[in-house]
Structure formats: structure tokens, C-alpha cells
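Residue numbers begin at 1 in each chain, while the letters A, B, ... track the order of the sequences.
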Amino acid sequence: MRGETSGHAVLRGVTRVYPGANPVHALGPIDLDLATGEFFSVVGPSGCGKSTLLDVLAGLNPPSSGTITFEGNPVAGEVPDGVGVVFQEDASFPWLTVRDNVAFGLRRIGMDGAEIARRVDYAIGFMGLKDFASSYPAQLSGGMRQRVCIARTLVLQPRLILLDEPFGALDQQTRLLMGDELLRLWRETGATILLITHALDEAAMLSDRVGVMSSRPGRFIDLVDTGWTRDRDSRIVSEAAFGVITARLWSSLRTESMKAMGRT
Amino acid sequence: MSRAARIVWTRWATGLSAVLLLELACRTGLVPKLAVLPPSEMITAMIALLQTDEVLGNVAQTFSTVALAFAAAVAAGFTFGTLLHGLPRARRAIDPLLASYYSVPIFVFYPLLVALFGLNILPLVAIGFLAAAPAMLIATLLGLDRVPHVLLRVARMHRLGWGRTAILVILPAALPNLFQGIKLSLAYAFIGVIAGEFILSSGGLGYSIAFAYESFDNRTMYGLMLFVLLSAVLSNALLSSWEGRLQRRRGRA
């Protein structure tokens, strides 16, 4: 279920145009209200601006027009305090152990050593990495490395977590299990989550709401309320409602995907 | 025995066999002693030479010249590599020159270097530097090119400033390539200085080897050659072992 307070993160008329000899209008205009504690997913055809949306919301890229606020404050120029981002690619630091990777952000802000150890232990345990705390990323599987990156974001206790296709490189079984881990994390932290994904089933299983984007320039063409309870897990994939939601997502997306492939 | 251990043993066995074969060939007269000394005599000659003040002085001169050239090459190669990486237009202009740099015989510049620096150690340092610096520069460019973009985004996510991003993310990410550059720079500085001493110097190991050659002093020539060979192999082995430890930490070795 969605939280009581609305407008945790708000986008109004947000566009992004990449300048150049032939400017590329990648995104928008986008209007979006993310409620506190909501799990919102974004699906859309390849190249529709999903990752651009995440970048502008995170403050990693400025919007060309429009406004973005997080907890009432404008997002401009840098990632706001309280926002954590997990990227699609393996973003673990190969020269650091799992423990040092997870502690990276905390050490940068000069936190007390005991508090760092407490938070890191919790995050490592939570993500099931306890036996690998002293391992280096190269000694871990792709799924475990992604868990390291999630743990590194988790220790910062973000109130808004932005995930850019974090399970994109994983096999289907691992994705389902990682989805369960993500739902557990979401329930325990109470954070608002925005997940960018190209997998309709992943979006349908994990989200309270799913935004379907058009082909470029990406705009929301449908917002689907899933109606799942907060204690859901991957077993809902066998429910009839799951099929209905996935079918609706696909029916909204099919034409746009064909446009993106150059077939109208 | 592990595969890695088998490779090491095979390498040692091959080297040792070659040395034994040469020893045998020299001792049986298959290879005339006037042309090549048996390895055992090279070793005794080397040990004896290293106990003389004259040779120790030459060793100190050569090693200090190499050290100066190497340090200057690493510092300049890294600095200019970093600057060039930040200036894509300048890089595009310089890239073809870098690509063809090692086709230029840098020793032709020796007269110019003597005219610039005088008849002292500096022209040799300059020759070593000119041989080594581009290797470090190219390795720096390559290392910085290969820093995964996503790691820079992670740095931004953690709101790291430019300096902390460089120290905490870019340098460690580029370290394997930088290390390659350091290794190559040492090898090139060594080659540049020794070769320079051969033709351009009145002191140092290269000069002593050339002088012994011209004097038909095989014991000195082979003793010093063995010392140069062992010094080069040892310094490379030390750097390789350091590099191996670094790579193992990253799980890549």
C-alpha cells in the first residue's frame, strides 16, 4: 500500500533535451508524484528515456525545463541527501573488499567507526553477504556484486532509492529472488523506491504503481495501480491478477515498442 | 601441483637447461671460449668485479642515472597523460605522434642534448627519460580511458568533489594500467641509459662493457653483461610480483 503523505518526490513539466548539432529530445514533459513509501516502477521501450528520467530525478543530470523537488527541496546539480542510486552496471569497486565497498559512503561522510561497523554489519547480513565480507568483487557472482552495490546504498539509509535496471544482467531465477530481497528491503526501510526496468513481470510483481513510457521523447502514457498488499513476494506471479497486470502493461507498451523499432 | 606452479617450474627448468647446455658447449669446446665464456665463469667474474671500487662506482653511476630518468619519466608521463586526457582536442592532435614515437631512434638527439646540457650525466638522463616517458604517458591515458563511467557516477552519488573522486575512485581504478606504465618506464629507462653509455659516455656500466669489448677483456665484458641482465630481470621480477599481489587482490590473477 502507498504511504499516507504524497509528494515525496515531485516532477513538474520535466524535459531533457541533449544539445548538439542535432539536439535530441530524450524526455518529457513528465509530471509525476511519488508518494512516501511508494514502490514505483517505470517501463518503456528501449531508448525512451527511462534512465534519463532517473538521472534527472537523482540530480545526476539537469532537466532542460521543469522542476524536480525531493522532500520539498529543489533537486539541482547534485544528488540530494537522502537519495541513493543503484546502477545497472556492476558499480562495485574491484580494489575494495565487500566490507570496504559497503562502508565507502559512510567513511566519506566521516561517521564514527563503531556506527560504520554496526551499519555495515547489518547491511551485509541483510543482503546475505556475511560469509563474503572479506572477499573482493571479482570473487563474487554478478548477483552478489549487485547485492554489494545495493548494500552500499542501503547503509546510507536513503529515503528515496532509485534503481536503474539493477537486475538487468541476472538470470530469471536470480531476478525473482533479488526481487524478493528488494521487497524485503523496501518493507524494512520504508523508503520510496523508483525502479527502472525493461521487464514487465518484474515491474508487475514489485510495484505499487507502474508508469508506462512512450517511445522517445519519453512521456507517461499509462499509470497502472497493481493493488498488491505490502507483504507480497515473488509467489504472486502465479496469481491471476499478475497476468492481468502484465497483459495491461504489454498492451500499453506494444505500440510504443514497435515505434521504437521503427515499425509503426 | 597447480597449473600456475607447473608453469613456474617449467620456466625455471627451461632457463636452467639453457644455462647448463651453454656451460657444456663452452667446456667441450663446441663454443670457443674466446667468443663466449661458460656461465660459471661469468658468475665468478661478476662476483669478483663487484668487489672492485671502479665497477661499484660505475654501478652507482648507471643506477642513479636510471633512477633519475625513471622518476622524471613517471612523474612527467603521468602529469602530461592526465592533462592530455582532460584536453580531447590536444589529444587528437598528439595521438599520431605518440603512436609513431617508438619508431624514432632517440639516440640521434644526443648531440643536441650535449649542446643543451653539456658533457655530464644530464644527456644520459634525458635519453633515459625520452625512452621511458611516452610509455608512462600512454599507460596513463589508457588507464584513465578505462575507468568505468559507472564508477564516476557512484562518486557523484556519494557527492565526492573532484579531488576525492580522483584519489578514491579514478586512481585506484586506473592503477593496473598505471602499473604497466611504471614497469615499462623502468625497462625503457634502463635500456636508454645503458645503450646511451655504450656510445656516449665515459663512465657507467654500458661504457665499461664497451671498453672491455674493445680491449678483448671477455671476463669483464661477460661479468658486467650478466650483472646488467640480472639487474634488469630482478627489478622486473620485483615489480611483477608487486603487480601480481595487486591483481590477486582484485581477483584477476
Side-chain angles (χ1 to χ4, degrees), chain A residues 51 54-55 57-61 77-98 100-110 132 134-141 144-146 148-150 152-153 155-156 158 160-166 168-169, chain B residues 2-4 78 81-82 85 87-89 92 139-140 142-183 239-253:
Chain A
S51 295
L54 181 136
D55 279 359
L57 179 52
L60 291 167
N61 251 329
E78 65 169 17
V79 180
D81 183 37
V83 174
V85 187
V86 178
F87 301 100
Q88 178 181 11
E89 308 97 314
D90 173 15
S92 56
F93 297 124
W95 58 92
L96 296 179
T97 61
V98 167
D100 290 336
N101 257 290
V102 175
F104 182 83
L106 299 178
R107 288 185 182 143
R108 303 294 78 78
I109 55 175
F132 302 93
S134 303
S135 302
Y136 286 90
Q139 296 165 314
L140 308 177
S141 67
M144 288 165 89
R145 283 203 289 270
Q146 199 55 281
V148 172
C149 296
I150 294 172
R152 188 174 59 196
T153 302
V155 286
L156 298 168
L160 172 63
I161 304 176
L162 308 173
L163 302 123
D164 188 2
E165 301 195 29
Chain B
S2 71
R3 188 170 177 270
F78 177 74
T82 307
H85 187 262
L87 299 166
R89 283 187 185 176
R92 273 198 295 277
T140 303
L142 210 62
L144 294 178
D145 284 346
R146 288 183 180 175
V147 174
H149 184 63
V150 69
L151 298 189
L152 300 178
R153 298 180 85 205
V154 171
R156 287 191 64 196
M157 203 256 298
H158 288 287
R159 295 194 291 281
L160 300 185
W162 182 88
R164 295 180 97 192
T165 300
I167 292 167
L168 298 171
V169 178
I170 297 175
L171 275 180
L175 199 58
N177 285 97
L178 296 180
F179 212 95
Q180 284 290 334
I182 289 171
K183 260 175 71 178
L239 283 175
S240 293
S241 126
W242 191 10
E243 186 185 22
R245 273 209 299 277
L246 186 84
Q247 295 289 52
R248 270 192 295 280
R249 278 184 61 182
R250 295 178 182 223
R252 286 178 184 163

Ring geometry between A:F93 and A:F104 (parallel below 30°, tilted from 30 to 60°, perpendicular above 60°):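 Rings of A:F104 and A:F93: tilted, as their planes differ by 30° to 60°.
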Choice from A:D55, A:V86, A:I109 maximising heavy atom contacts with chain B below 4.5 Å: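 Greatest number of close heavy-atom pairs with chain B: A:D55.
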Can you say whether [X] sits under 4.5 Å from chain B via the side chain, the backbone, both, or neither, judging by heavy atoms?
{"X": "A:T97", "value": "neither"}
{"X": "A:P137", "value": "neither"}
{"X": "A:A91", "value": "both"}
{"X": "A:D81", "value": "both"}

Portion of [X] that has a non-hydrogen atom of chain A nearer than 4.5 angstrom:
{"X": "B:R156", "answer": "both"}
{"X": "B:L175", "answer": "neither"}
{"X": "B:R164", "answer": "side chain"}
{"X": "B:P148", "answer": "neither"}

Side chain proximity check, A:T153 to B:M157, heavy atoms < 4.5 angstrom: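 Answer yes - side chains close enough.
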For the atom pair [atom1] ([X]) and [atom2] ([Y]), what is the distance rounded to the nearest 0.5 Å?
{"X": "A:Q139", "Y": "A:F132", "atom1": "CD", "atom2": "CZ", "answer": "10.0 Å"}
{"X": "B:L178", "Y": "B:L171", "atom1": "CG", "atom2": "CG", "answer": "6.5 Å"}
{"X": "A:D100", "Y": "A:S134", "atom1": "CG", "atom2": "OG", "answer": "9.0 Å"}

Residues A:D164 and A:S51: side-chain donor-acceptor under 3.5 angstrom: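 Side chains of A:D164 and A:S51: pair found under 3.5 Å.
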SB check B:K183 B:E243 (cutoff 4.0 Å):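 So B:K183 pairs with B:E243 through a salt bridge.
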